[in-house]
Amino acid sequence: MNPVTRIHSRSAVLADDNIDTDRIIPARFLTTTTRAGLGRHCFHDWRYLADGSDNPAFALNQSQARGCSILVTGRNFGCGSSREHAPWALLDYGIAAVISSEIADIFRNNALNNGLLAIVVSAAEQRWLLAHPGIELVIDVAGQYIALPDGGRIGFELEPFARHCLLHGVDAFGYLLQQQAAIAAWEAGHGVAA
Amino acid sequence: MSARTLFDKIWDAHVVSAETTATPATLYIDLHLVHEVTSPQAFAELAARGLRVRQPARTLATLDHSTPTLPAGADGNRAYVSAQAQAQVAELERNAAQHGVALHGWDSAERGIVHVIGPELGATQPGMTIVCGDSHTSTHGAFGALAFGIGTTEVGHVLATQCLLQRRPRTLAVQVEGELAPGVAAKDLILHIIGVLGVDGGTGHVIEYRGSTIRALSMEQRMTVCNMSIEAGARAGLIAPDDTTFAWLKGRPHAPQGAAWDAAVARWRELASDAGARYDRELHIDARAVRPTVTWGTHPGTAIALDAPVPAPRDALERRALDYMQVRAGQPLRGSKVDVVFVGSCTNGRLSDLREVAQVLRGRRIASGVRMLIVPGSESVRRAAEAEGLDRVFTAAGAQWRLPGCSMCIAMNGDMAAPGELVVTTSNRNFEGRQGKGVRSVLASPATAAASALAGELADPRDYLDPRREQAA
Ligand code: SF4
């Protein structure tokens, strides 16, 4: 993984609460056996009309949202299925950070495991961000804040291990593999054949 | 030691290395369930890193999500929805063979939905940690196992190390008291609970369902309840194991046998939460107030009684949901026209569910214009249902009897409804497009689904279950 230290982008906004992973990527696109290329199905049934053309009513299809890599969303983003295809699709589509007042547990884990920033802010901060689409934001991972155009800052919590992984571009796999001896000892102590 | 909850006991018993400020806990996983959709990229990661599956014997695989539910043709070919779906199945067959993982594939008499077969085989046991790349892994919590869904990256972690990195979640006790009224199912109860908690009310928490109502539930009913914990955002749902649990597990293929069984039961009895154990939150539910319950909107938190008026929209999102569902605020859902009825899934695809459906359908015909799919949760369920003649009740009523799989719960195998159609479904998710683009899904119990198939509109199962009412009608 590449280190994720700073994200600078205008914000795109999807204000709905409870955007579930079926909306992020419908199940019929899950028959793939790779992680690649899912961006074209991201928000598929929301984004395209029946004839396959872009749905002009979908917020991310509007010109000011094009190319934005920071997505501000309604509460409880990523609820529903555990499909990691959701963060894969968002990343491939060009989203690097999702900001909400609440992000579903499994989605947040999956996102951070793929270097997609999943940031939780207060409800008041989220409302403000939702009301100001298209503003320039800078997310500083080390400093754990979002810099606003007027010089203001919104701080956020980040699970320290996930933060470490993001900043150093390492993944949790390596950390787990380093624990082989402890795992073997646990197995031996619990009658698990190695 | 201070009083501990069921959750605390299971968690504490599986810590390989403890949580610190800088790092999550490393948790040992007793059982890893695998299916074709969320595993290929994990096996590919293992291959890329030159790793093996650490504990093949603790890994159990099945084919369920993208598998066709129609029998193979005369040429032996199965009706896969796409070459890609077929390739995905082949990939799991290859990966399982290469790593020595037991796969309940097409040739297995036990193949079925991952959360149905784990318990059936007795692989799911009290006190275990169980994970699967699937959010409804919470089902296994019905046995007093800590069971939760993970992503594909984590599937790779577990395959390679049999461990998972986790921060300790908070606990939520859902205390349910009182008897469920006749004709009211476990599905109605859990929909009601989610309606109270909200679609995100359980986020960050593990739920323990407690109280006299929960103790009185059968194992199948407990599985239905725990299954939908994730629909309130919870990581997992748990129920303390008791004699109901032990009686259900005894003699199953993977369950301990002989002296080992007695020792296991003695251990399992210790798992229940200690008196005075503290939870981070508590919620009290009166089971007597639960009526047949369905959903009016586009997430499971929109649960209301079948005969209650749909609430007035509180915001633009709810207005949109009403629009999408084509339902009117102020009117009950009862009486809404139905196009498709789906019975199945890991929520309600077990034998007891099919019996409830048969009880309603027996000797009757579904309404003309309604398409009804009944999909058993596993091959075992299918065999048992056919041995009782349930399949004949279904087909005589005009329903289709299919092969086991997830089918229309997730609609990725080709079983789906058409845009605009209203589906009454015994599955667990009514998200927009879950059962096909533009499809309107209403979550319901098996009996409500069956009654609605007969009536051609959302109907109260009690009208079909109570003979006196029927005569009066
Ligand atoms: S039946 Fe539905 S919820 Fe259950 S495992 Fe299959 S797709 Fe998931």
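To find a chain, count down the sequence lines: A is the first, B the second, and so on, and within it residues start at 1. No hydrogens, no waters, no symmetry mates; every other heavy atom, side chains included, goes into these values.
Distance check, rounded to the nearest 0.5 Å: CG of B/L197 to CD of B/E231 gives 12.5 Å. Within the model, atoms CE of B/M416 and CE of B/M408 stand 9.0 Å from one another, a figure rounded to the nearest 0.5 Å.
In terms of heavy-atom pairs under 4.5 angstrom with chain A, the leader among B/V89, B/V37, B/T152 is B/T152. In terms of non-hydrogen atom pairs under 4.5 Å with chain A, the most contact-rich of B/R58, B/H136, B/Q162 is B/R58. In terms of heavy-atom pairs under 4.5 angstrom with chain A, the leader among B/A87, B/A160, B/A411, B/G156 is B/G156. Note on B/S66, B/G433, B/G233, B/C163: by heavy-atom pairs under 4.5 Å with chain A, the leading option is B/C163. Between chain A and the residues B/I230, B/T38, B/T26, the largest count of heavy-atom pairs under 4.5 Å involves B/T26. Between chain A and the residues B/R54, B/E45, B/H299, the most heavy-atom pairs under 4.5 angstrom are made by B/R54.
In this structure, chain B has heavy atoms under 4.5 Å from both the backbone and the side chain of A/Q180. Heavy atoms closer than 4.5 Å to chain A are found in the backbone of B/A22, but not in its side chain. Only the side chain of A/R23 comes within contact range of chain B, with at least one heavy atom under 4.5 Å from a heavy atom of that chain. In this structure, chain B has a heavy atom under 4.5 Å from the side chain of A/N109, while its backbone stays farther away. Contacts of B/Q41 with chain A are made by both backbone and side-chain atoms, with heavy-atom separations under 4.5 Å. Proximity to chain B is absent for every atom of A/F29, based on heavy atoms less than 4.5 angstrom apart. In this structure, the portion of A/N110 lying under 4.5 Å from any heavy atom of chain B is its side chain and not its backbone. Neither the backbone nor the side chain of A/A86 comes within less than 4.5 Å of any heavy atom of chain B. The contact between A/T33 and chain B is made by backbone and side chain atoms together, counting heavy-atom distances below 4.5 Å. Neither the backbone nor the side chain of A/A36 comes within contact range of chain B, judged by heavy atoms closer than 4.5 Å. Contact of B/L317 with chain A is made through the side chain alone, with heavy-atom distances under 4.5 Å. For A/R163, no part lies near chain B; criterion is any non-hydrogen pair under 4.5 Å. Using a 4.5 Å cut-off between heavy atoms, A/T21 makes no contact with chain B at all.
Put simply, the side chain of B/C409 reaches to within 4.5 Å of the side chain of B/N428, judged on heavy atoms.
In the model, A/N18 has a side-chain atom that pairs as donor or acceptor with a side-chain atom of A/N76 under 3.5 Å. Looking only at atom types and distance, the side chain of B/N227 has no donor-acceptor partner in the side chain of B/H115 under 3.5 Å away. Between the side chains of B/H14 and B/D30, at least one donor N or O sits under 3.5 Å from an acceptor N or O. Side-chain atoms of B/T153 and A/E84 form a donor-acceptor pair, as typed in the model, at a separation below 3.5 Å. Residues A/N113 and B/H157 bring no donor and acceptor atom of their side chains to less than 3.5 Å of each other.
Below 30°, between 30° and 60°, or above 60°: for A/W46 and A/F43 the angle between ring planes is above 60°, a perpendicular geometry.
Salt-bridge annotation for A/D20 and B/R429: absent, with no side-chain N of the basic residue lying under 4.0 Å from a carboxylate O of the acidic one.
When every heavy atom of B/S441 is checked against every heavy atom of B/T425, the shortest pair comes out as CB-CG2, 4.3 Å.
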